[in-house]
Each structure stands twice: as structure tokens, then as C-alpha cells.
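First comes the structure, then the notes that go with it.
Here is how names work: the chains are called A, B, and so on, in the same order as the sequence lines, proteins then strands, and each is numbered from 1.
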2 protein chains.
Amino acid sequence: MCADILKAIAQPTRLRIIELLRDGEHCVCEIYPAIGHEQSNTSRHLQMMLKSGILRQRKEGLKIFYSLRHPEVLEMVRLAELIMQREAEQTLGVLTAKCRT
Amino acid sequence: MCADILKAIAQPTRLRIIELLRDGEHCVCEIYPAIGHEQSNTSRHLQMMLKSGILRQRKEGLKIFYSLRHPEVLEMVRLAELIMQREAEQTLGVLTAKCRT
DNA sequence: CAACTGTATGATTATTTACTCATACATCCA
DNA sequence: TGGATGTATGAGTAAATAATCATACAGTTG
């Protein structure tokens with residue numbers, strides 16, 4: 001079911017990780033301080049996204065680097081933001097209209 | 001947070017509803033038999049999607065018709081399916097390679 | 001008004017999720 | 001080999017989620 005792909009994206013902490021990985025691969029030791037979560041928690045999210053298929057893993061010595069596997073993931077986030085923005089504009093429009101009455 | 005938009009989509013039952021609404025508006029009484037869930041459960045999912053902003057409501061007599069508000073939602077589902085499909089192909093590729101060894 | 005139809009919602013439950021702490025595991029290096 | 005570093009994972013917990021049943025609510029029609 002493609003809901004798994006969507007679920008892997010639809011969570012604030014994971015969205016932050018995805019944003020971080022936008023500019024290329026990062027290791028766990030870089031990611032968890034950046035997002036302000038425990039190492040264990042961050043690792044769990046990364047494992048989850050790895051298993052769902054949206055991330056890739058590369059080991060280098062002690063460190064493990066994660067990166068995005070599909071550019072479409074960024075496109076999906078962009079579309080979600082676009083919808084949010086459009087809704088905000090509509091809400092504003094309604095308020096503006098109310099002020100005019 | 002745009003995670004709310006994504007969460008509204010990232011659930012099997014709601015994905016089925018979204019697929020149903022692909023061809024235009026439907027009332028609850030049409031939707032819940034089509035997806036094989038209780039009326040109350042279906043109504044809850046519709047309310048959830050309405051509040052997240054991805055659905056629109058139109059009342060006509062007793063019936064309430066729901067429809068998709070943003071075509072981007074369908075685009076997001078399409079991208080998720082594309083990723084799934086690509087992963088399936090890669091898995092198949094790996095298996096094929098293993099058979100050749 | 002009363003009965004009926006279509007939809008929403010309170011109460012409850014089982015499951016899943018996100019998180020934390022402690023610890024295990026793996027790799028590197030002195 | 002032993003200690004240090006980076007990552008993963010078991011156990012436990014609180015909160016969120018999806019579902020059900022019963023019931024309330026709204027609009028229609030006799």
C-alpha cells in the first residue's frame with residue numbers, strides 16, 4: 001500500500017529530517033543535534049524511513065550516512081506546503097471580506 | 001505544519017475515499033458502502049479531511065456531498081505510487097540478479 | 001407534528017505511534 | 001586488547017489513531 005510511503009513523510013520530526021537531507025547525505029550524529037531529538041529517537045525515524053524505501057544508507061567507518069532516495073519526496077512536501085499556503089490565503093481572504101462588511 | 005495535510009492523505013481508508021472522489025463529488029451515503037466501512041467511521045474520516053482542508057462540503061437537502069479541494073492531492077498520491085512502483089522494480093532487479101549468480 | 005432518511009458525534013476499545021532510558025552492537029584507534 | 005565513538009534496539013510509557021455501537025441532530029415528507 002502506498003500509504004506507507006505517505007506515512008513515512010507525514011510526521012513533523014521526519015519532515016525536519018527530510019528538509020535536512022535536502023542538501024545531500026548526513027550521518028545520524030549530524031542529524032539528531034540539528035533536529036533537537038535524542039539519538040535513539042532519531043535513529044528510529046531513520047530506520048522507519050529506510051524500511052519504507054524513501055531513504056538510502058551508506059556506511060563509512062563508524063558513521064552511517066543517510067540520504068533521500070527519491071526526489072519525488074521533496075516534490076510531495078512542496079505540494080503539501082503549496083496547499084497549506086493556498087488555504088492560508090483563502091482564510092485571509094475571508095477575513096478581509098468580513099472586515100469590508 | 002504541513003504534516004497535517006500529509007497525515008490527512010496517509011491512511012488506507014482515506015486514500016480509498018480520495019480515489020473515489022477523483023471523479024467528482026459524492027455524498028456520505030455513496031462513499032461508505034463503496035469503501036466497506038461503517039457510516040460513522042466514514043463520516044469521521046471525511047470530517048478529518050475537511051478540517052485539514054483537503055475536502056470541500058456541499059449540502060443538498062439531507063445529503064452532504066464531499067469533493068476534493070486541491071488537485072495537488074491527487075498528484076501527491078500519484079508520486080507515492082510512482083515511488084512504490086520504482087521500489088518494486090528495484091527489488092525485482094535485485095532478485096533477478098541473484099538468480100543469475 | 002411524526003416518522004423517516006442522511007449525517008455527525010459521545011463513549012469506549014484496541015492498536016499504533018513517538019518518545020525516553022538503558023544497553024547492546026560495531027568500528028576505529030591507542 | 002581495551003577504551004572510545006557512532007548507531008541500533010529492547011523495554012516501558014503516554015498520547016494519538018482508527019474503529020464500533022448507540023444516539024443525537026438536521027432536513028424532508030406524509
Side-chain angles (χ1 to χ4, degrees), chain A residues 1-21 24-69 73 77 80, chain B residues 1-21 24-69 73 77 80:
Chain A
M1 174 74 70
C2 84
D4 291 337
I5 302 285
L6 289 156
K7 273 193 183 155
I9 303 173
Q11 205 273 345
T13 306
R14 291 195 287 275
L15 275 172
R16 291 221 51 204
I17 294 176
I18 289 169
E19 285 306 317
L20 250 178
L21 297 180
E25 64 176 19
H26 287 280
C27 62
V28 186
C29 60
E30 290 167 340
I31 298 173
Y32 81 81
I35 65 173
H37 279 270
E38 297 268 320
Q39 179 271 323
S40 60
N41 184 24
T42 306
S43 182
R44 283 222 157 79
H45 282 298
L46 290 167
Q47 291 300 311
M48 189 273 203
M49 290 193 274
L50 184 70
K51 266 151 201 165
S52 82
I54 70 171
L55 293 190
R56 164 181 31 237
Q57 213 185 34
R58 185 179 68 85
K59 311 200 181 192
E60 185 180 320
L62 272 178
K63 298 185 178 179
I64 299 189
F65 291 84
Y66 287 89
S67 57
L68 292 173
R69 220 176 212 289
V73 166
V77 175
Chain B
M1 173 75 68
C2 86
D4 291 337
I5 303 285
L6 289 156
K7 273 194 183 154
I9 304 172
Q11 205 275 343
T13 306
R14 291 195 288 272
L15 274 172
R16 291 221 51 204
I17 294 176
I18 289 170
E19 286 305 319
L20 249 178
L21 298 181
E25 66 176 15
H26 287 280
C27 63
V28 186
C29 59
E30 288 167 341
I31 298 172
Y32 82 82
I35 65 173
H37 280 269
E38 297 268 320
Q39 179 271 321
S40 59
N41 184 25
T42 305
S43 183
R44 284 226 156 77
H45 281 297
L46 289 167
Q47 290 302 311
M48 189 272 203
M49 291 192 274
L50 183 70
K51 267 152 200 164
S52 81
I54 69 171
L55 293 190
R56 164 181 31 235
Q57 213 184 37
R58 184 178 69 83
K59 311 199 181 194
E60 184 180 321
L62 273 177
K63 299 187 180 180
I64 299 188
F65 291 83
Y66 287 89
S67 57
L68 293 173
R69 221 177 211 289
V73 166
V77 175

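Taking atom CE of A:Met48 as the reference point, atom C1' of D:dA8 lies 17 Å away to the nearest angstrom. Between A:Lys63 atom NZ and C:dC25 atom P there is a gap of 24 Å when expressed in whole angstrom units. Rounded to an integer number of Å, the gap from CE of A:Met49 to P of C:dA18 is 11 Å. Nucleotide D:dT9 holds its P atom 12 Å from the CG atom of A:Leu46, rounded to whole Å. The distance from atom NZ of B:Lys51 to atom C1' of C:dT7 is 13 Å, rounded to the nearest whole Å. Between A:Gln39 atom CD and D:dT7 atom P the separation is 7 Å, expressed in whole Å. When rounded to the nearest whole Å, the span between CG of B:Asn41 and P of C:dT12 equals 19 Å. Protein atom CG of B:Leu50 is 12 Å distant from nucleotide atom C1' of C:dA8, rounded to whole Å.
When heavy atoms are screened at a 4.0 angstrom cut-off, B:Ser40 is found touching base atoms of the nucleic acid. Within the nucleic acid shown, A:Gln47 comes within 4.0 Å of sugar-phosphate atoms alone, with no base atom in reach, counting heavy atoms only. The residue B:Tyr66 sits close only to the backbone: its heavy atoms come under 4.0 Å of sugar-phosphate atoms, none of a base.
OP1 and OP2 of C:dG6 both lie 4.0 Å or more from every side-chain N or O belonging to B:Gln57. Look at A:His37 and you won't find any side-chain N or O under 4.0 angstrom from OP1 or OP2 of C:dA18. One finds no side-chain N or O of B:Thr42 lying less than 4.0 angstrom from the OP1 or OP2 phosphate oxygen of C:dT7.
Between the side chain of A:Arg44 and the base of C:dT17, no donor-acceptor pair of N or O atoms lies under 3.5 Å.
Taking each heavy atom of B:Arg69 and B:Leu55 in turn, the nearest pair found is NE-O, 3.5 Å. Closest approach of A:Met49 and A:Ser52 over heavy atoms only: O-OG, 3.0 Å. Shortest non-hydrogen contact noted between A:Leu21 and A:Tyr66 is CD2-O, 3.4 Å. The minimum heavy-atom distance between B:Lys7 and A:Pro12, with the atom names listed, is NZ-CD, 4.5 Å. The heavy-atom pair separating B:Lys63 from B:Cys27 by the smallest distance is CD-SG, 4.0 Å. For A:Arg16 against A:Ala34, the heavy-atom pair with the smallest separation is NH2-O, 3.5 Å.
With A:Glu38 contributing its side chain and A:Ser40 its backbone, the two residues share no donor-acceptor pair below 3.5 Å.
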Practice problem: Starting at the 5' end of nucleotides 24-30 of chain D, put B wherever the base has a protein heavy atom under 4.0 Å, S where only the sugar-phosphate does, and a dash everywhere else. | Solution: --BBS--
Exercise. Report, as a single string ordered 5' to 3', how protein heavy atoms within less than 4.0 Å touch nucleotides 12-17 of chain D: B base, S sugar-phosphate only, - not at all.
Key: ------
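Contact check for B:Val77 versus B:Glu19: side-chain heavy atoms found under the 4.5 Å cut-off. Between B:Arg58 and B:Arg56, the closest side-chain pair of non-hydrogen atoms is not below 4.5 Å.
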Exercise. Report the C-alpha distance between B:Gln47 and B:Gln57 in whole Å, list the side-chain angles of each, state the deciding distance to 0.1 Å, and finish with yes or no for side chain to side chain contact (heavy atoms under 4.5 Å, CB included).
Key: CA-CA 10 Å; B:Gln47 290 302 311; B:Gln57 213 184 37; 4.0 Å; yes
